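In what follows, every heavy atom counts, from backbone to side chain, and hydrogens, waters and symmetry copies are set aside. None of these values were measured; they are calculated from a predicted model. Naming convention: chains lettered A, B, ... in sequence-line order (proteins, then strands); numbering from 1 in each chain.
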Amino acid sequence: MPDLPFDDEHAPLYSLGQVAEMLQVQHAFLRRLDQHDVIRPSRSSGGQRRYSRHDIVIVQHVTRMAEEGMTLIAIRRILELERELAELRRELKEAHARIRELREPR
DNA sequence: ATTCTCACA
DNA sequence: TGTGAGAA
């Protein structure tokens, strides 16, 4: 069976209206996230925003931070640092694996 | 019917 | 941040 876009979390499938509805946020809020480079959903041929499931999870995260009073500029920075942290953790994990390999040769 | 941009309070 | 007008 080929992978259907249905279960690809990066497939851009949802309109701004659908996302605003399921997350209970203002349309303008989602557009501002786009303006401030916090979340840039891809665009359909007609120029309309299309959010992936992955995008939606991040919007949820951002919404919580915004409710706590953080600026979109600050939130953008936090997402940037979180991506960096995830990358470092990935590298650390690989480093640990290599060290184990040196200590336990077969 | 929906979404887009932009301007305004 | 939210609303609303006017175009697409």
Donor-acceptor contact below 3.5 Å, side chain A:Q18 vs main chain A:S15 = yes
Indicate yes or no: at least one non-hydrogen side-chain atom of [X] is less than 4.5 angstrom from one of [Y].
| X | Y | answer |
| --- | --- | --- |
| A:R40 | A:R49 | no |
| A:H10 | A:D55 | no |
| A:H54 | A:I58 | yes |

Would you mind checking if A:D34 and A:R43 are paired as a salt bridge, meaning a charged N to carboxylate O distance below 4.0 Å?
-> yes
Presence of salt bridge, A:R77 and A:E80, under 4.0 angstrom | yes
Min and max contacting nt of DNA chain C in 5' to 3' order, chain A heavy atoms within under 4.0 angstrom, are C:dT1 to C:dT3
Each nucleotide of nucleotides 2-9 of chain B classed B (base within 4.0 Å of a protein heavy atom), S (only sugar-phosphate) or -, in 5' to 3' order, makes -SBB----
Which residues satisfy the side chain to side chain donor-acceptor pair (under 3.5 Å) test with A:E68, sequence neighbours excluded?
-> none
